[in-house]
Amino acid sequence: MSPDGENKMGKTSILRRVVLAGATVLAATGFGGSAWAQKTKLTVYTALENEQLEPFKKAFEGDNPTIEIAWVRDSTGVVTAKLIAEKDNPRADAIWGLAASSVGLFASMGMIEPYTPAGAAALKPMFKSGKNPEIWVGMDAYLAVLCFNTAEAAKGKKAKPTSWADLTKPEYKDSIVMPNPSSSGTGYLTVAGWLTIMGEDAGWKFMDALHQNVAQYLHSGSAPCVQAAKGERLMGIGFDMRGATEKTKGAPIDLIVPKEGLGWEMEVTAIMKGTKNLAAAKKLADYSASLKANEMYGKYYAIVANPAVKSMPANYPPDGEKMMAKMDVEWMAKNRARILAEWTKRYDGKSAPKAK
């Protein structure tokens, strides 16, 4: 063999050893493996409050470093409409923080992937769909309370209401704001609550009378209590925790639990059928049902799915959970379109303009 041939063979042998050594180093360091693999991007639709998005994302990703959450966030009504519009070309992998009645509607349309998360057995029965496997698991419950500005009431010598019926009194004309149920989950649970508590005929009759005193229907569950807190309106029917937060900040408002009872809903987690990231979506569902996640929910809500978590935020009405009406989330899901169509026909003329 010529010297050139030996030299070429020597170079080839050295090159092979370098390649093998490099592959060994890469394998040892995990390059191409879990340590260096591209993260799974999980598209998660939600109606969580904006201030919750980063803490929730950080907590989940801390326990699941190979998964990255990409939020798509809006109000309940908007997210619900978006998911239905995307039914034949789904873009969401999972839902984390949307009304159970909306997710129940999706399930009836074949849009949900059933899955029972690890840890679901520890949750309160009302916070589970009751199906096998589960369609969704609950996170927290939220209520519709009355935020009443005591300073504005004193100026106008307005009495504090104690019941829903009181809100129809002429003295409160143009003094009330509440969420539009077509765009707000808090708005829909409020209307469904009245229909549940009073019955359909009496419920619509009450809303006809209430409408005379409503200044505007807003497109957010938080906005009514915020406006009441600022003194822009005498009272707002809205999201319980927003009212407690505003009062804790020093707003001159009282949170009133009307004696007839309260409508309520729960936020839930679910997996979208057809997701290409099913394993990652299941990890999100498992995390959502965990004690750790429920402890996080307890920082924002008084009523959470795991009974081991006791949460009573500052200025939260102590009788809130006790006054929850006997709501049926399946009935809320099945009757949603009918109720919203009737509500829109009767009252939409006072809705606030939608942001463009």
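Minimum interatomic distance between P313 and M241 (heavy atoms only, all atoms of both residues): CG-CE, 3.6 Å. Between A293 and S288, the closest heavy-atom pair is CB-O, 3.7 Å. In plain terms, the two heavy atoms of I197 and A325 that are nearest each other are CG1-CB, 3.7 Å. For the residue pair P224 and S220, the shortest heavy atom distance occurs at CD-O, 3.2 Å. What you find for K158 and Y172 is that their closest heavy atoms are CB-CE2, 4.4 Å. Across all non-hydrogen atoms, the minimal contact from A289 to P117 is CB-CB, 4.0 Å.
Residues L42 and M111 share a hydrophobic cluster, clusters being chains of Ile/Leu/Val/Met/Phe/Trp/Tyr side chains in contact below 4.5 Å. Cluster annotation: L195 and M198 are assigned to the same hydrophobic cluster (Ile/Leu/Val/Met/Phe/Trp/Tyr, side-chain heavy-atom contacts under 4.5 Å, transitive). By the criterion of side-chain heavy atoms lying less than 4.5 angstrom apart, applied directly or through intervening Ile, Leu, Val, Met, Phe, Trp or Tyr residues, Y217 is not grouped with V226; the two fall into different hydrophobic clusters. Follow the hydrophobic side-chain contacts under 4.5 Å out from L218 and you never reach M235; the two are in separate clusters. Hydrophobic clustering (ILVMFWY, side-chain heavy atoms < 4.5 Å, transitive): M324 and L123 are in distinct clusters.
Checking side-chain atoms of N149 against main-chain N and O of A228 turns up a donor-acceptor pair under 3.5 Å. Counting only distance, with no hydrogens or angles, the side chain of W264 and the backbone of L189 share no donor-acceptor pair below 3.5 Å. Looking at S163, its side chain never comes within 3.5 Å of a backbone N or O of K259 through a donor-acceptor pair. At least one donor-acceptor pair closer than 3.5 Å links the side chain of D328 to the backbone N or O of E330. Formation of a donor-acceptor pair under 3.5 Å by the N294 side chain with backbone atoms of N306 is found in this model. In terms of modelled atom types and a separation under 3.5 Å, the side chain of H219 and the main chain of S184 share no donor-acceptor contact.
The OG1 atom of T245 sits 9.0 Å away from atom CG of N315, with the distance rounded to the nearest 0.5 Å. Note that the NZ atom of K39 and the CD atom of E68 stand 6.0 Å from one another [nearest 0.5 Å]. With values rounded to the nearest 0.5 angstrom, L167 atom CG is found 8.0 Å from N213 atom CG. M272 contributes atom CE, which lies 10.0 Å from atom NZ of K87 (distance to the nearest 0.5 angstrom). Distance check: T46 OG1 to D74 CG gives 10.5 Å after rounding to the nearest 0.5 Å. To the nearest 0.5 Å, atom SG of residue C147 and atom CZ of residue R233 are 14.5 Å apart.
Proximity of E321 to I303: side-chain heavy atoms (C-beta onward) are separated by under 4.5 Å at one or more points. Annotation: side chain of S182 is in contact with side chain of T344 (closest heavy-atom distance under 4.5 Å). By the 4.5 Å heavy-atom criterion applied to side chains, L284 and V44 are counted as neighbours. A heavy-atom distance below 4.5 Å is not found between the side chains of V103 and T269. Inter-residue side-chain proximity for E265 and M327 is flagged as unmet; no heavy-atom pair is nearer than 4.5 Å. Side-chain contact between E61 and I69 is present, with at least one heavy-atom pair separated by less than 4.5 Å. Looking at heavy atoms from C-beta onward, S222 lies in side-chain contact with E49 at the 4.5 angstrom threshold. Residues R73 and N50 meet the side-chain proximity criterion, which asks for heavy atoms closer than 4.5 Å.
Checking E134 against S129 by side-chain atom types alone, a donor-acceptor pair falls below 3.5 Å.
When N277, I135, I95, L278 are each tested for a side-chain contact (heavy atoms from CB on, under 4.5 Å) with I271, only one passes: L278. Tested against Y188, the residues T80, L340, T76 include a single side-chain contact (heavy atoms from CB on, under 4.5 Å) partner, L340. Considering Y297, Y300, Y301 in turn, Y297 is the only one that fulfils the side-chain contact (heavy atoms from CB on, under 4.5 Å) rule with M139.
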Going through the distances and angles, do D63 and Y287 end up as a side-chain hydrogen bond (donor to acceptor under 3.5 Å, both in side chains)? CA-CA 9 Å; D63 281 10; Y287 181 82; 4.9 Å; no
Full working for side-chain hydrogen bond (donor to acceptor under 3.5 Å, both in side chains) between D93 and Y45: CA-CA 8 Å; D93 294 306; Y45 280 37; over 6 Å; no
Between M178 and L210, does the side-chain contact (heavy atoms from CB on, under 4.5 Å) criterion hold? Intermediate values first, please. CA-CA 11 Å; M178 68 166 279; L210 175 68; 4.2 Å; yes
Step-by-step side-chain contact (heavy atoms from CB on, under 4.5 Å) determination, W164 to L262: CA-CA 10 Å; W164 293 122; L262 299 172; 4.1 Å; yes
Could you go step by step and tell me if V214 and V177 meet the side-chain contact (heavy atoms from CB on, under 4.5 Å) rule? CA-CA 6 Å; V214 170; V177 284; 5.9 Å; no
Check step by step if side-chain contact (heavy atoms from CB on, under 4.5 Å) holds for T43 and R91. CA-CA 7 Å; T43 302; R91 299 176 185 178; 5.5 Å; no
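H211 and F206 have their aromatic ring centers separated by at least 6.0 angstrom. Aromatic ring centres of W136 and F127: separated by at least 6.0 Å. Taking the six-membered ring where the residue is Trp, the centroids of W96 and F56 are separated by under 6.0 Å.
Take A209 and apply the side-chain contact (heavy atoms from CB on, under 4.5 Å) test, not counting sequence neighbours, and it matches T168.
A 6.0 Å sphere centred on CD of Q216 holds more than 12 heavy atoms belonging to other residues, nucleotides or ligands. A 6.0 Å sphere centred on NZ of K131 holds no more than 12 heavy atoms belonging to other residues, nucleotides or ligands. The 12-atom threshold is not exceeded at NZ of K334, counting heavy atoms of other residues, nucleotides or ligands nearer than 6.0 Å. Few gaps surround CG on D319; more than 12 heavy atoms of other groups in view lie less than 6.0 Å from it. Within a 6.0 Å sphere centred on NZ of K41, heavy atoms belonging to other residues, nucleotides or ligands number 12 at most. The 12-atom threshold is exceeded at NZ of K128, counting heavy atoms of other residues, nucleotides or ligands nearer than 6.0 Å.
Between K283 and D286 no salt bridge is recorded (no basic side-chain N to carboxylate O distance below 4.0 Å). Between E342 and R346, at least one side-chain nitrogen of the basic residue sits less than 4.0 Å from a carboxylate oxygen of the acidic one, meeting the salt-bridge criterion. Salt-bridge check for K160 with D254: passed, with a basic side-chain N closer than 4.0 Å to an acidic carboxylate O. In this structure, R242 pairs ionically with E246, as a charged nitrogen and a carboxylate oxygen lie closer than 4.0 Å. A salt bridge does not link K230 with E152: every distance from a Lys NZ or Arg NE/NH1/NH2 to an Asp or Glu carboxylate oxygen is 4.0 Å or more. A salt bridge between K292 and E295 is absent, with no side-chain N of the basic residue lying under 4.0 Å from a carboxylate O of the acidic one.
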